[in-house]
Number of protein chains: 2
Amino acid sequence: MTGDDEFAIAPDWVDGETKALEAPHDHRAELRLWLRLLTCSTLVESEVRRRLREEFDSTLPRFDLMAQLERAPDGMVLGEVSKRMMVSPGNITVLVERLTESGHLSRTTLPTDRRVQIIALTPFGRAEFEKMAARHADWISDLFAGLEPVDGGVLMDELAKLKRSVIASLAKGG
Amino acid sequence: MTGDDEFAIAPDWVDGETKALEAPHDHRAELRLWLRLLTCSTLVESEVRRRLREEFDSTLPRFDLMAQLERAPDGMVLGEVSKRMMVSPGNITVLVERLTESGHLSRTTLPTDRRVQIIALTPFGRAEFEKMAARHADWISDLFAGLEPVDGGVLMDELAKLKRSVIASLAKGG
DNA sequence: CAAAACAATTTTAAGCTTGAAATTTCTCTG
DNA sequence: CAGAGAAATTTCAAGCTTAAAATTGTTTTG
């Protein structure tokens, strides 16, 4: 890609000449921050997708779904998975279908409420996931390796503030 | 992906020396940071998608494509757009098809090289985009409003460091 | 108890995305 | 100048994603 210009890599419809603090109704600083955030997560995410496909012939959604189930040894209700992954219920349906076909997941109907589907990792699925999770952790570690520990800590804190801001705005406005 | 419930747990990051004493293959701090970053950008991105659909019956990919063209009054070659948006060429083909049908884009074949397609915003497309861009800036501003300016600045700097780390790792390993 | 209301999930229709294969059009080499 | 090779784009097959409608099952209410 095109090197060191901040906006050469991601969607970059913002004017690069912006200063950090400007007139009250100028939103350029926030836009630039958002673009930089998006660039970072897009870079990491595409690389993770690429490697999941290359090394495991799998996808990020499947990995994420299995990751949710890994921490629920007794399985989890479909709706709960959907909420935790922040994706639509219909989306989960499709993913579960494929992962069940391939033997990674088991699915049961709750006897006391037959609307409810409970899914869980099979032993095979768990073994596969553990391989993937180990590699995934290595990838992230490599990608983040140039960041000093202190910077990691600062980022964690600042992102926590951002997350609170976003959630507050969502709760208020929409 | 990822509900990011790690707010409950105390950051084990902050102390670099402590971290150095941990097991060599413990990547939890990086993973937690990555998940938090991903949560933030997913939250913002889904909200932007939702509002583009509700207010303009449009999508984020279309918006991004028009944003690229907004700064290129004389139009842009398809391949260039593809690179800048970091998406596959085939993807651009589909987007351009639809946006041309709807009158937002014009497309010309370069006379001197008939392989090359040049696309540009039509006056209508430009007017539409400007409306969308203004609203988009408002949304981002609202979502980020709870962040103090100083935090925004720190975040910009730390994300720049992260981006450098990711790009360096991609250049080296990938 | 039957009907309405509610809940969990699936289906549907539409659009996005990708990698790989195919196509079209140049460009370069012998 | 022909044919090889490269470049720009499109096509294709497969999978992801969503909102909205439909389905199935449970609970509440008249």
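Quick note on labels: first sequence line is chain A, next is B, and so on, each numbered from 1.
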Which atom pairs, one a donor and one an acceptor, fall under 3.5 Å between side chains of residues 142-161 of chain B and the rest of the protein, sequence neighbours left out?
| residue | atom | partner | partner atom | Å |
| --- | --- | --- | --- | --- |
| B:D151 | OD1 | A:K161 | NZ | 2.9 |
| B:K161 | NZ | A:D151 | OD1 | 2.9 |

A:L65 CG to D:dG15 P, in whole Å, measures 16 Å
Each nucleotide N or O in nucleotides 4-8 of chain D that has a protein N or O under 3.5 Å away: list the pair and distance.
| residue | atom | partner | partner atom | Å |
| --- | --- | --- | --- | --- |
| D:dA7 | O4' | B:R115 | NH1 | 3.3 |
| D:dA7 | N3 | B:R115 | NH1 | 3.3 |

Sorted by chain and number, sequence neighbours left out, side chain to side chain donor-acceptor pair (under 3.5 Å) with B:E80 holds for B:R84
Residues at least two apart in sequence or cross-chain that pass salt bridge (Lys or Arg N to Asp or Glu O under 4.0 Å) with A:R115, listed by chain then number, are A:D113
note: B:L52, atom CG; C:dG15, atom P; distance rounded to Å ~ 16 Å
A:D57 CG to D:dC16 P, in whole Å, measures 11 Å
Taken in chain and number order and not counting sequence neighbours, the residues that satisfy salt bridge (Lys or Arg N to Asp or Glu O under 4.0 Å) with B:E128 are B:K131
Axis-to-axis angle for the helix from C:dC1-D:dG30 to C:dG30-D:dC1, ends of five pairs each, to 10°, equals 10°
Rounded to whole Å, CG of B:L60 lies from C1' of D:dT17 at a distance of 13 Å
With respect to the phosphate group of D:dA19, does any side-chain polar atom (N or O) of B:R53 fall under 4.0 Å of OP1 or OP2?
yes
Applied to residues 85-95 of chain B, the side chain to side chain donor-acceptor pair (under 3.5 Å) test, sequence neighbours excluded, yields none
(message) Just to be sure I understand the rule, does A:T59 reach a base, reach only the sugar-phosphate, or reach nothing, if contact means heavy atoms closer than 4.0 Å?
(response) sugar-phosphate
To the nearest angstrom, the CE-P distance between A:M85 and D:dC16 comes to 10 Å
Side-chain N or O of A:R114 versus OP1/OP2 of D:dT26: is the shortest distance under 4.0 Å?
yes
Note: contacts of residues 92-110 of chain B with DNA chain D (heavy atom, under 4.0 Å) are B:T93, B:E97, B:R107
Sorted by chain and number, sequence neighbours left out, side chain to side chain contact (heavy atoms under 4.5 Å, CB included) with B:T109 holds for B:R114, B:Q117
Taken to the nearest whole Å, CZ/A:R49 to P/D:dC16 is 10 Å
By the 4.0 Å heavy-atom rule, please label A:P89 as base, sugar-phosphate, or nothing. base
Does D:dT18 have its OP1 or OP2 closer than 4.0 Å to a side-chain nitrogen or oxygen of A:N91?
yes
Applying side chain to side chain donor-acceptor pair (under 3.5 Å) to B:E45 and not counting sequence neighbours gives B:R49
Hey, any chance B:I118 and B:L105 share a hydrophobic cluster, counting ILVMFWY side chains that come within less than 4.5 Å of each other, even indirectly? no
A:D64 atom CG is separated from D:dG15 atom P, nearest whole Å, by 18 Å
Across all chains, not counting sequence neighbours, the side chain to side chain donor-acceptor pair (under 3.5 Å) partners of B:E54 are B:R50
Rounded to whole Å, the CD-P distance (B:E54 to D:dT18) equals 15 Å
**Asked** Do the side chains of B:L33 and B:L162 get nearer than 4.5 Å, heavy atoms only?
**Response** no
- With a 4.5 Å limit on heavy-atom distance, are the side chains of A:R135 and A:R51 in contact? no
Hits for side chain to side chain contact (heavy atoms under 4.5 Å, CB included) against A:R126, two or more places apart or cross-chain, chain-then-number order -> A:E70, A:L121, A:E130
